[in-house]
Amino acid sequence: MAAKQHLRERSSADLASSQPTHSLTKMARLTFSLVRREVQSRYRGSALGLIWSMVTPVLMLGVYTFVFGVVFKSRWTTSSEDAAPIEFAVILFIGLIVFQLMSETVIRAPTLIQSNVAFVKKVVFPLEVLVPVALGTALFHALVSLFILLPFIYFVFGHVPITGILLPLVWLPFLLLVAGLSWFLASLGTFVRDIGQFVGTVVTALLFLAPVFFPLSALPEWLQPWLILNPITIPIDQSRQVLIFGELPDWGLFGSYSAAGLITCLIGFFWFQRTRKGFADVL
């Protein structure tokens, strides 16, 4: 009897310890399934289908090359005077990929709950997964753009630095920060509908207040710390360091940004969970 009791207690303990892992696995599968459905539905009905996700980055890279490299004759400060116009476009495009990843997710966040009222009425549906789905969709498009960009980096600079393998590490705290902001905005936007208009304006301002079109070093030293407060400044700068210039990230800045990203993610998630009970009352 004692042995059977011990086995039952052990089985219960094993089941309890496996539940968090099982729950995370289910959430990951659900997120992946919804991201795949959303990506497919976005291009369903078009003649080229998913090919548009690859055509668009190529077209945009061509436009940036012509406008900034040929018309404005822009050059990066680390480039030589006789550098090809596409060199500036490639460096610029990396910054835009990071910005688009953030903007596509954050701008959608305030209307996520309003756009999925059917899920709100389902008691068993985990509403918090809507933010990872939006982020996963944006990440899919960012990865497609990177896939298109890598051959251009090799063609323009002669090689893709080995430090490029650190790009996922550079992006990890950035993704955590975007997720946290999106959870917070998804909740706030449910109660305050006008927040969506405000977010769009702020995101546009962040584009021009980040080193997307210019290097951070081109600014006066007294101004650089202020631009570092922009949430996309460090990911953009360090993405270029590892993917183009073959440099290691600034580990001090990376550590501080990682802490900020993790804290933002936790605060945003707990805020969302705390306020989700009131969603059905205002929809």
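Side chains included, hydrogens not; waters and symmetry mates left out as well; all remaining heavy atoms used.
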**Prompt:** Hey, what's the ring geometry for F208 with F213, parallel, tilted or perpendicular (30° and 60° as the breaks)?
**Reply:** parallel
**Prompt:** Do L266 and W183 come within less than 4.5 Å of each other through their side chains, counting heavy atoms only?
**Reply:** no
**Prompt:** Under 4.0 Å between a Lys/Arg side-chain N and an Asp/Glu carboxylate O for R274 and E128?
**Reply:** no
**Item:** S182 versus T105, side-chain donor and acceptor atoms under 3.5 Å
**Value:** no
Would you tabulate the side-chain donor-acceptor contacts of residues 248-262 under 3.5 Å, counting partners in other chains and residues two or more places apart, or write 'none'?
residue: D250; atom: OD1; partner: G252; partner atom: N; Å: 3.1
residue: D250; atom: OD1; partner: L253; partner atom: N; Å: 3.2
residue: S256; atom: OG; partner: G252; partner atom: O; Å: 3.2
residue: Y257; atom: OH; partner: P231; partner atom: O; Å: 2.6
residue: S258; atom: OG; partner: F254; partner atom: O; Å: 2.7

**Message:** Check whether T163 reaches the backbone of V242 with its side chain - one donor and one acceptor, N or O, closer than 3.5 Å.
**Reply:** yes
**Prompt:** Parallel under 30°, tilted from 30 to 60°, perpendicular over 60°: which one fits the rings of F125 and F119?
**Reply:** parallel
**Message:** Please check: side-chain N/O of S115 versus main-chain N/O of L112, any donor-acceptor pairing under 3.5 Å?
**Reply:** no
**Asked** Other hydrophobic cluster members with I267, side-chain heavy atoms of Ile/Leu/Val/Met/Phe/Trp/Tyr under 4.5 Å, chained?
**Response** I263
**Prompt:** More than 12 non-hydrogen atoms from neighbouring residues, nucleotides or ligands closer than 6.0 Å to CG on L223, yes or no?
**Reply:** yes
**Asked** Does some side-chain heavy atom of W271 sit less than 4.5 Å from a side-chain heavy atom of T275?
**Response** yes
**Request:** Mind checking side-chain contact (heavy atoms from CB on, under 4.5 Å) for V63 and listing every partner two or more places apart, or none if nothing turns up?
**Result:** V67
